[in-house]
Undergrad: 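The following block contains the structure, expressed as structure tokens.
Residue numbers begin at 1 in each chain, while the letters A, B, ... track the order of the sequences.
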Amino acid sequence: MGERRVSDFEGRVYAALCEVPRGCVTTYGLLAKRLGAASARAVGQALRRNPFAPGVPCHRVIRADLRMGGFQGAAAGARVARKRRMLAAEGVLFEGGRLKEPARVFRFPR
DNA sequence: AGACCCGGACGCG
DNA sequence: CGCGTCCGGGTCT
């Protein structure tokens, strides 16, 4: 059976992500820092297996270089296209493959 | 222990 | 800018 426990790390990732408001995005690296971890990849893995989608807005996480990054296990293709549409619906646009307005990157309060 | 992963930083041409 | 390469950390085999 597929019931999988949410690890402590995953729980912290999801909680931190929920701080990011609609219309904003954050990056894997920023989330990692926020958790005191140093691995953006570990964050990506946790999001990839996000059991609370779309309650936990994993589509609001992009790469540090302001490209979109993956979505639901895919680095490109239909899933990523869906991610772009979800963001566009919130006013977060991409241009030339990069975030159009870098000011939309959310600053976590300290 | 080793492989795998939705990234990131750095070096070089 | 576009590589290539190493890195780190959490989870799954």
Undergrad: Taking DNA chain C as the partner, which of residues 21-49 of chain A come within under 4.0 angstrom of it by heavy atom?
TA: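 By residue number: A/Ala38, A/Ser39, A/Arg41, A/Ala42, A/Gln45, A/Arg49.
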Undergrad: Give A/Ala75 one of three labels, base, sugar-phosphate or nothing, depending on what nucleic acid heavy atoms sit under 4.0 Å from its own.
TA: nothing
Undergrad: To check you understand the geometry: which heavy-atom pair defines the closest contact between A/Ala42 and A/Phe9, and what is its length?
TA: O-CE2, 3.5 Å
Undergrad: Between atom CG in A/Asp8 and atom C1' in C/dG10, what is the gap in whole Å?
TA: 11 Å
Undergrad: Test of understanding: with ring-ring contact (aromatic ring centres under 6.0 Å, His included), list the residues that count as partners of A/Phe94, not counting sequence neighbours.
TA: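 By the ring-ring contact (aromatic ring centres under 6.0 Å, His included) rule, A/Phe94 matches no residue at all.
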Undergrad: Rounded to whole angstrom units, what separation is found between the CG atom of A/Asp65 and the P atom of C/dG2?
TA: 11 Å
Undergrad: Should A/Tyr14 and A/Asn50 be marked as a side-chain contact (heavy atoms from CB on, under 4.5 Å) after you check the CA-CA gap, both sets of side-chain angles, and the distance that decides it?
TA: CA-CA 8 Å; A/Tyr14 304 146; A/Asn50 174 14; 4.1 Å; yes
Undergrad: Identify the two heavy atoms, one from A/Ala16 and one from A/Leu31, that lie closest to each other, and give their separation to 0.1 Å.
TA: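 Distance-wise, the nearest heavy atoms are CB-CD2, 3.7 Å.
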Undergrad: Name the stems with DNA chain B in them: runs of three or more consecutive Watson-Crick or G-U pairs, distances under 3.5 Å?
TA: B:1-5 with C:9-13, B:7-13 with C:1-7
Undergrad: As a quick check of understanding, evaluate side-chain contact (heavy atoms from CB on, under 4.5 Å) for A/Tyr28 and A/Leu47, giving each step before the final call.
TA: CA-CA 9 Å; A/Tyr28 299 95; A/Leu47 294 178; 3.8 Å; yes
Undergrad: Do A/Val56 and A/Cys18 have side chains that approach each other closer than 4.5 Å (heavy atoms only, starting at C-beta)?
TA: yes
Undergrad: Within the sub-3.5 Å range, which N or O atoms of nucleotides 11-13 of chain B have a protein N or O partner, and how far apart are they?
TA:
none

Undergrad: Nearest-Å distance, CZ (A/Arg5) to P (C/dT11)?
TA: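 That distance rounds to 9 Å.
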Undergrad: Side chains of residues 65-77 of chain A: which donor-acceptor partners sit under 3.5 Å, not counting sequence neighbours?
TA:
| from | atom 1 | to | atom 2 | distance (Å) |
| --- | --- | --- | --- | --- |
| A/Asp65 | OD1 | A/Arg67 | N | 3.0 |

Undergrad: From CG of A/Leu17 over to C1' of B/dG7, roughly how many Å is that when rounded to an integer?
TA: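 My rounded result for the distance is 16 Å.
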Undergrad: Can you tell whether the side chains of A/Arg34 and A/Glu19 come within less than 4.0 Å, N to carboxylate O?
TA: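 Yes, this pair counts.
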Undergrad: Can A/Val25 and A/Val20 be said to form a side-chain contact (heavy atoms from CB on, under 4.5 Å), step by step?
TA: CA-CA 7 Å; A/Val25 292; A/Val20 179; 5.6 Å; no
Undergrad: Do the side chains of A/Arg22 and A/Arg60 get nearer than 4.5 Å, heavy atoms only?
TA: yes
Undergrad: Grab the CZ-P distance between A/Phe71 and B/dG7 for me, whole Å please.
TA: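 That distance rounds to 13 Å.
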Undergrad: Expressed as a whole number of angstroms, how long is the span from A/Tyr14:OH to C/dG10:C1'?
TA: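 So the OH-C1' distance, A/Tyr14 to C/dG10, works out to 12 Å.
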Undergrad: Mind listing the residues from residues 80-99 of chain A sitting with a heavy atom below 4.0 Å of DNA chain C? Number order is fine.
TA: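 Those residues: none at all.
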Undergrad: Between A/Leu17 and A/Val43, is any pair of side-chain heavy atoms under 4.5 Å apart?
TA: no
Undergrad: Is there side-chain contact between A/Glu90 and A/His59, with heavy atoms separated by less than 4.5 Å?
TA: yes
Undergrad: Kindly indicate, with the supporting measurements, whether the criterion side-chain contact (heavy atoms from CB on, under 4.5 Å) is fulfilled by A/Val61 and A/Thr27.
TA: CA-CA 5 Å; A/Val61 189; A/Thr27 72; 5.6 Å; no
